[in-house]
Amino acid sequence: MSELSPRRRLLVLAICCMSLLLVSLDNTVLNVALPSLQRDLDASTSGLQWTIDAYTLVLASLLMLAGSTADRIGRRRVFTGGLVVFTLGSLLCSLAPNLEALVAFRMVQAVGGSMLNPVAMSIITNTFTDPRERARAIGAWGAVVGLSMAAGPLVGGLLVDSVGWRSIFWINLPVGLAALVLTLRFVPESRAPKARRADPVGQLLVIALFGSLTYAIIEAPHASLSITVPFGAVALASLVALLRYESRRHEPLIDLRFFRSAPFSGATVIAVSAFASLGGFLFLSTLYLQNVRGLSALEAGLWMLPMALPTFLCAPLSGRLVGNRGPRLPLLIAGGAMTAAGLLFALLEAETSNAALVVGYVLFGVGFGFVNAPITNTAVSGMPRAQAGVASAVASTSRQLGQALGVAVIGAVLAAGVDSSSYAESFTEASRPGWWILTACGLAVLVVGAATSGHWARATARRTAERLESAEIREAAGADA
């Protein structure tokens, strides 16, 4: 791809950010609509979990396939296909007659979403080649997540209260169509110099791993051990088979050599932990504000602004810090703030006090705002540009897997402890273990961030990048011969 003018690069960034807004807004809006959806479709807690996790699971399962496919056949081509499928899936979701259909249509949405975020990040990586400029672009990208968190609860609450939960999917239609037109007009085509072959066995093992693990967690409070244990065994067997198979494959779906880089491995763990915390935090907060405090969807959206606004404000600041000073400081701030937020709810029952609730939301928003840019920048900056799609897809997969596991685990803990006959009275006590789990996720961000952002970690990243580039040169020379 030829070098673009500064104005054209900013336009490409804006178009890619539109796709992120499309996917991120959909999740935040849906969280606010959960209680309304629960009443309308007579859904249980596990049913609500599946409306979120069906999407994130399919997304996580297909992201790496989408990233490698985009590197092979063309990033713009895959990106435009994703916009079409996601927009169509949104239309189908708005017409869903029951919970089962909604879950199925959410999976259609996810197929399109898997073709958007990692491919957009790959486009950004190949458009912004200067490391500092790229870090700032990724910071702007992260700010869009904050924008979706700020706008999503308000837009979703307004739509749910005035029109109904089905209307939350309508907002994707004009945004998706506008992004599609702009992509066809302004985004240049690009692909990796050397195409990677498809890995269907690895893809099936990833689907089996993610699906069986999440099913076992979500259904654990309701199903017998004779059902959940076999699914847990399938997840374990899939993980072992995936590691053995991918390590022997010439062009694997997941290049395990990436994980020799301590920053890349750390970014993966941090992404899972941070987004598990986000998924659990939003799930608990939404149900608490509407089902326990009795707030409307719009009022709940307003209450979540103290979390959303700091995320929006801190994300670009984090990008600048990463570009100027590296990822260490943003990761320490993120881990510290998210841990403090979890402790506030776990120890001091912050939800019982308006002031403490606002402080907890602000702390979590600050932490999540700082965590996105170092994850993305660390994942792609130490890798060869030819493998940018695969590297960014691993980071995106870690995010979606984390969010799916966060909703699954927190929802399972909540379902096991809530008494349906006295929901409001039992909710606070039943949610306490969940807040401790979210505290542990924040602590993982803090500890792993500190451990994998030092000089020795950067040295492992340099060695990994050099080995990958050398291997690519040798493979290219062998192919020419």
Side-chain angles (χ1 to χ4, degrees), residues 53 56-73 78 107 110-111 114-115 117-119 122 192 194-217 228-269 271-272 379-380 382-384 386-402 404-405 408 460-461 463-465 467-476 478-479:
D53 274 1
T56 53
L57 274 177
V58 173
L59 200 63
S61 299
L62 299 181
L63 282 170
M64 287 176 287
L65 174 63
S68 60
T69 301
D71 283 346
R72 182 170 63 252
I73 70 173
V78 172
M107 296 171 73
V111 173
S114 70
M115 302 160 71
N117 284 6
V119 181
S122 182
K194 182 179 181 298
R196 296 171 64 85
R197 291 178 296 180
D199 182 8
V201 175
Q203 183 62 60
L204 289 174
L205 288 172
V206 167
I207 293 173
L209 169 60
F210 292 173
S212 57
L213 176 62
T214 305
Y215 183 89
I217 295 172
T228 56
V229 170
F231 276 94
V234 170
L236 180 59
S238 299
L239 175 61
V240 173
L242 182 67
L243 294 176
R244 289 177 61 86
Y245 179 79
E246 295 295 279
S247 64
R248 298 175 180 179
R249 185 173 169 81
H250 177 59
E251 292 183 347
L253 178 70
I254 307 173
D255 196 332
L256 299 181
R257 295 176 298 177
F258 287 177
F259 294 95
R260 296 173 183 172
S261 164
F264 184 88
S265 298
T268 302
V269 174
V272 172
V380 301
M383 299 297 148
Q387 297 192 41
V390 179
S392 62
V394 172
S396 296
T397 298
S398 302
R399 289 182 173 92
Q400 298 303 327
L401 177 61
L405 292 177
T460 67
R463 288 195 297 270
T464 301
R467 289 169 181 167
L468 289 170
E469 289 173 351
S470 298
E472 286 182 2
I473 293 172
R474 288 195 302 270
E475 290 169 4

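Given the structure is predicted, the values throughout are model-derived calculations rather than measurements.
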- For Ala208 against Val234, the heavy-atom pair lying closest together: O-CG1, 4.5 Å
- Query: For Val272, what residues pass the side-chain contact (heavy atoms from CB on, under 4.5 Å) criterion, not counting sequence neighbours?
  - Reply: Ser398
- Item | Derivation of the side chain to side chain contact (heavy atoms under 4.5 Å, CB included) call for Ile254 and Val206 | CA-CA 10 Å; Ile254 307 173; Val206 167; 4.1 Å; yes
- Message: Run the salt bridge (charged side-chain N to carboxylate O under 4.0 Å, His left out) test against Arg260 and tell me which residues pass, sequence neighbours left out.
- Response: none
- Value for CG (Asp53) from CD (Gln400), rounded to nearest 0.5 Å, stands at 10.5 Å
- Mind running side chain to side chain contact (heavy atoms under 4.5 Å, CB included) on Asp199 and Glu246 for me, showing each step along the way? CA-CA 9 Å; Asp199 182 8; Glu246 295 295 279; 2.6 Å; yes
- Message: As a quick check of understanding, evaluate side chain to side chain contact (heavy atoms under 4.5 Å, CB included) for Val201 and Leu205, giving each step before the final call.
- Response: CA-CA 6 Å; Val201 175; Leu205 288 172; 4.2 Å; yes
- Heavy-atom closest pair (Met115 atom, Val78 atom, distance to 0.1 Å) is CE-O, 3.5 Å
- Just how far is it from atom CD1 of Ile73 to atom OG1 of Thr69, taken to the nearest 0.5 Å? 6.0 Å
- Which heavy-atom pair separates Pro263 from Thr460 by the least distance, and what is that distance? CD-OG1, 3.5 Å
- Identify the two heavy atoms, one from Leu59 and one from Ala110, that lie closest to each other, and give their separation to 0.1 Å. CD1-O, 3.4 Å
- side chain to side chain contact (heavy atoms under 4.5 Å, CB included) between Leu405 and Leu213, intermediate numbers included: CA-CA 9 Å; Leu405 292 177; Leu213 176 62; 3.9 Å; yes
- Task: Rounded to the nearest 0.5 Å, what's the gap from CE on Met107 to OG1 on Thr56? Could you check?
- Result: 10.5 Å
- Message: With rounding to the nearest 0.5 angstrom, report the CZ to CG distance, Phe231 to Leu236.
- Response: 15.0 Å
- Message: Using a 3.5 Å distance criterion without hydrogens, assess whether the side chain of Thr214 forms a donor-acceptor pair with backbone atoms of Gly211.
- Response: no
- Query: Parallel under 30°, tilted from 30 to 60°, perpendicular over 60°: which one fits the rings of Phe258 and Phe264?
  - Reply: perpendicular
- Query: Between the main-chain N or O of Val111 and the side-chain N or O of Ser114, is there a donor-acceptor pair closer than 3.5 Å?
  - Reply: yes
- Message: So which atom in Phe210 and which in Thr397 form the shortest heavy-atom distance, rounded to 0.1 Å?
- Response: CE1-CG2, 3.8 Å
- Query: Is it true that a side-chain atom of Ser61 and a backbone atom of Ile207 form a donor plus acceptor pair closer than 3.5 Å?
  - Reply: no
